Amino acid sequence: HVQLVESGGGPVQAGGSLRLSCVVSGRSAIATYVRAWFRVRPGQEREGIAAISSGGGTNYADSVEGRFSIRQNNANNTLWLQMDDLKPGDTATYYCAATLKIWSSASLLQSARYEYWGQGTQVTVS
């Protein structure tokens with residue numbers, strides 16, 4: 001019902017910026033209630049870092065608050081993650097995710113809330 005395709009990853013120097021994009025498509029794309037970005041750092045579990053609801057409300061993990069910004073364009077179903085002041089600890093595979101369900105705001109960085117996932121894009125900060 002929903003497909004997500006990320007792009008924009010790559011190598012970047014510490015202190016630099018990168019913007020990830022995620023195109024959301026499919027019959028149910030417009031009905032997605034929340035879209036989010038997750039990441040998997042080497043040797044660690046998947047971590048929710050930013051989420052945005054259809055109404056524009058956002059949630060951020062403490063680890064990226066103030067450095068990363070999530071935005072979406074509902075007209076063409078594109079989701080972005082602007083990443084500034086990148087650190088080597090931000091090296092990870094980044095995934096976008098979406099859900100058709102309504103969840104409490106406090107739970108939107110939990111991966112179990114999301115039914116649809118992209119394939120991931122690698123970000124390497126050195």
Side-chain angles (χ1 to χ4, degrees):
H1 298 293
V2 180
Q3 294 83 45
L4 303 103
V5 179
E6 305 97 336
S7 62
V12 61
Q13 291 190 340
S17 298
L18 210 57
R19 188 173 82 160
L20 304 182
S21 299
C22 174
V23 176
V24 185
S25 62
R27 288 188 304 164
S28 299
I30 198 169
T32 51
Y33 174 64
V34 181
R35 299 165 184 176
W37 289 96
F38 287 76
R39 68 184 179 186
V40 179
R41 292 186 278 189
Q44 298 191 26
E45 296 185 351
R46 186 160 50 191
E47 170 191 14
I49 56 173
I52 186 167
S53 70
S54 57
T58 57
N59 294 51
Y60 292 96
D62 291 342
S63 58
V64 305
E65 180 91 55
R67 299 188 299 122
F68 291 12
S69 178
I70 187 170
R71 293 288 183 268
Q72 67 181 352
N73 181 334
N74 287 328
N76 61 10
N77 282 327
T78 303
L79 179 71
W80 296 281
L81 183 68
Q82 177 67 40
M83 304 186 294
D84 298 320
D85 189 23
L86 283 160
K87 308 176 187 300
D90 295 317
T91 294
T93 301
Y94 285 74
Y95 300 86
C96 62
T99 179
L100 299 175
K101 301 176 182 178
I102 298 174
W103 302 103
S104 68
S105 176
S107 68
L108 294 181
L109 295 183
Q110 298 174 16
S111 60
R113 297 292 184 248
Y114 297 87
E115 311 92 272
Y116 303 101
W117 293 84
Q119 81 289 350
T121 186
Q122 178 67 35
V123 173
T124 303
V125 185
S126 61

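Side chains included, hydrogens not; waters and symmetry mates left out as well; all remaining heavy atoms used. For clarity, every value in this text was computed on a predicted model and none was experimentally measured.
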Is there a continuous path of hydrophobic side-chain contacts, each under 4.5 Å between heavy atoms, that joins L20 to Y60?
yes
Only pairs at least two apart or in different chains count here, so list each ring pair (Phe, Tyr, Trp, His ring centres under 6.0 Å) that has a residue in residues 84-112.
none
Distance-minimising heavy-atom pair for N59 and L108
OD1-CD1, 4.1 Å
Nearest non-hydrogen partners of T91 and P42, listed with the distance
O-CD, 3.4 Å
Rounded distance [0.5 Å steps], CE in M83 versus CG in D85
12.0 Å
With rounding to the nearest 0.5 angstrom, report the OG to CD1 distance, S53 to I102.
10.5 Å
R35 versus I70, closest heavy-atom pair with distance
O-CD1, 3.9 Å
G89 backbone acceptor or donor facing R41 side chain under 3.5 Å:
yes
Looking only at heavy atoms, which two atoms of G120 and T93 are closest? And how far apart?
CA-CG2, 4.0 Å
I'd like to check the ring pair (Phe, Tyr, Trp, His ring centres under 6.0 Å) partners of F38; sequence neighbours left out, ordered by chain and number.
Y114, W117
Do L81 and L109 share a hydrophobic cluster, counting only Ile, Leu, Val, Met, Phe, Trp and Tyr and linking them when any side-chain heavy atoms are less than 4.5 Å apart?
no
When you check the side-chain N and O atoms of E47 and S63, is any donor under 3.5 Å from an acceptor?
yes
What's the separation between atom CD in Q72 and atom SG in C22, rounded to the nearest 0.5 Å?
10.5 Å
Does a donor on one side chain sit under 3.5 Å from an acceptor on the other, for R113 and T99?
no
Which atom names give the shortest non-hydrogen contact between I49 and R39, and what distance separates them?
CG2-NE, 3.7 Å
CG (L18) and OG1 (T121) are apart, to the nearest 0.5 Å, by 8.0 Å
Checking side chain to side chain contact (heavy atoms under 4.5 Å, CB included) for the pair V64/W37: CA distance, chi angles, key distance, verdict?
CA-CA 11 Å; V64 305; W37 289 96; over 6 Å; no
Go through the steps for L79 and L4 under the test side chain to side chain contact (heavy atoms under 4.5 Å, CB included), then give the verdict.
CA-CA 10 Å; L79 179 71; L4 303 103; 5.8 Å; no
Going from NE2 on H1 to CD on E115, what distance comes out if it is rounded to the nearest 0.5 angstrom?
10.0 Å
Quick one: closest heavy-atom pair of E6 and C96, and the distance?
OE2-N, 2.9 Å
Value for OG1 (T78) from CZ (R71), rounded to nearest 0.5 Å, stands at 14.5 Å
Tell me whether E45 at atom CD has more than 12 heavy atoms from other residues, nucleotides or ligands lying less than 6.0 Å away.
no
Counterpart residues, side chain to side chain contact (heavy atoms under 4.5 Å, CB included), relative to S21 (two or more places apart)
S7, W80
